[in-house]
> 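Submitted below is the structure of interest, expressed as structure tokens.
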Protein chains: 2
Amino acid sequence: MGDVEQDDGQVVAAQPIRRLRRAERREQILDAATRAFARAGYNATGLDDIADEAELTRAMLYRHFDSKADLYRAVLDRACVRLEEATGADDFDDSAIPALLRAAAADPDGFRLLFRHAAREPDFRELIDSITAASREVAHRNLARRIPAGPWLDWAATLIPAFTLEAVIAWLDAGQPDPDQAAARISQAVRGVMAAAHASH
Amino acid sequence: MGDVEQDDGQVVAAQPIRRLRRAERREQILDAATRAFARAGYNATGLDDIADEAELTRAMLYRHFDSKADLYRAVLDRACVRLEEATGADDFDDSAIPALLRAAAADPDGFRLLFRHAAREPDFRELIDSITAASREVAHRNLARRIPAGPWLDWAATLIPAFTLEAVIAWLDAGQPDPDQAAARISQAVRGVMAAAHASH
DNA sequence: TCCCTTGTAGAAGGCAAAGTGTACATGTAG
DNA sequence: CTACATGTACACTTTGCCTTCTACAAGGGA
């Protein structure tokens, strides 16, 4: 029976127990964990929070993942894979920003989790560092055609990818208005930052 | 005696025990804690890490601070106060960015700690939120003269302060080259972002 | 119908790190 | 001189939370 005896002794009809196949349940847990972790990051999120979010018991989490860290890695990995699928090889051409917006809109919790939390967590940031390092490389190559080598080139190559991510997250926070306009505005803003970076002051 | 018997039985001259008055020692602990926390944030930094950094024992930390959280708050408070002193009322006029650069250069660990770590830590972000909220307010007011109310105004008002901080931190990471040029470049970049935000697309 | 898998509920274990206590050493103010 | 605040050293307790274990319930395919 799915019935439940409450504190006051009343017996009420509870939700019939939903049974899913392993793969489905796993995905559902990953979805819930992504939402839960996205709120406060790894440390501040207890397994109970995740279990509640997934409407499951803590025990079930351990039937699908070896540990909290394992679950977190699975969450981050999935978010990374989705991001890479959505953005392609990330060549930083004009199609990159619309692709990034699509990816963020398709999985906003995962996106925020990756760049707002995981990027600052010592035990996990390596996963994200590979992405940001690659972006910096690409930006560095592209900017090197206009900006002479030196600290300002390094500065711009670090700043522009970081700025782009901030702009995308701010767009999510603003309610995802008009993706096409967003892409145009962010692209223009990036050009503005580039201009400032290679101006002679 | 400041001498110390080592594992191998040898007795060597140790550092003479440095005794400081309470206020001095407190400041020294805050300095060390700022450095230690700045590396990895609150959770990933143990009291032993801080004690090592300060060249003291854990017990001493408790003579100056009630708890780890108390110490962290003291560190953040001091960083906030220094920041506010260095930037003045933060009116976001043209003097704001040079002031921000001065503040960051004067206390780079504190600056990074505030905006890279504390801003994402649920138990402590309230301290930083007041700063970022105020910046957003100011930006919102200034931008409202050019950008019609709506999601794009909100987007720009969130993004521009965040971008400015990213730019300052990237400048720290690049080795703090030429503060005057940095201010000019960041100001120009901000104008570029503003232009993109209020363009009609 | 039978039985395996998925599921609940909750107690108990274990471990890392915070927090406390005690004993003792020593520079410095009074 | 001497008393106290500052300091070391280190063992101990507490706590929070991950992790494991046990006992039982129930859906659903063979």
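As the structure is a prediction and not an experimental result, all values here were calculated from the model. Convention: sequence-line order gives letters A, B, ...; per-chain numbering from 1.
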> Looking at dG7(C), dT19(D), dT6(D), which one has an atom nearest to any side-chain atom of Tyr62(A)?
dT19(D)
> Tell me if a side-chain donor or acceptor on His64(B) pairs with a main-chain N or O of Met60(B) at a distance below 3.5 Å.
no
> Does Arg25(A) have a side-chain nitrogen or oxygen under 4.0 Å from the phosphate oxygens OP1 or OP2 of dT5(C)?
no
> Residues of residues 32-47 of chain B with any non-hydrogen atom less than 4.0 angstrom from an atom of DNA chain C: list those, numerically ordered, please.
Thr45(B), Gly46(B), Leu47(B)
> Under 4.5 Å between any side-chain heavy atoms of Leu71(A) and Ile29(A), yes or no?
yes
> So, is Thr57(A) close to the dA9(C) phosphate, meaning a side-chain N or O under 4.0 Å from OP1 or OP2?
no
> Once the angle between the rings of Phe37(B) and Tyr72(B) is folded into 0 to 90°, is it parallel (under 30°), tilted (30 to 60°) or perpendicular (over 60°)?
perpendicular
> In this structure, how many angstroms lie between the C1' atom of dG7(C) and the CZ atom of Arg21(A), rounded?
16 Å
> Figure out the CE/P separation between Met60(B) and dA25(C), and round it to whole Å.
18 Å
> Taking atom CD of Glu137(A) as the centre, report whether more than 12 heavy atoms of other residues, nucleotides or ligands fall under 6.0 Å from it.
no
> For Arg26(A) and dG7(C), give me the distance from atom CZ to atom P, rounded to whole Å.
14 Å
> If I take atom CG in residue Asp49(A) and atom C1' in nucleotide dC18(D), what distance separates them, rounded to the nearest angstrom?
13 Å
> Of the nucleotides dG7(D), dG19(C), dC21(D), which one has an atom closest to the side chain of Ala59(A)?
dC21(D)
> Once you round it to whole Å, what is the distance between P of dT6(C) and CD1 of Ile29(A)?
11 Å
> Are Arg82(A) and Glu85(A) ion-paired here, with the side-chain N under 4.0 Å from a carboxylate O?
no
> Find the distance Lys68(B):NZ to dG16(D):P and express it as a whole number of Å.
15 Å
> I need the CD1-P distance between Ile50(A) and dT19(D), as an integer number of Å.
10 Å
> Do Arg120(A) and Glu121(B) sit within salt-bridge range, that is, some charged N less than 4.0 Å from a carboxylate O?
no
> Taking atom C1' of dC12(D) as reference, at what distance in whole Å does atom CZ of Arg58(B) sit?
11 Å
> Just by distance, with hydrogens left out, do Arg25(A) and Gln28(A) show a side-chain donor and acceptor under 3.5 Å apart?
yes
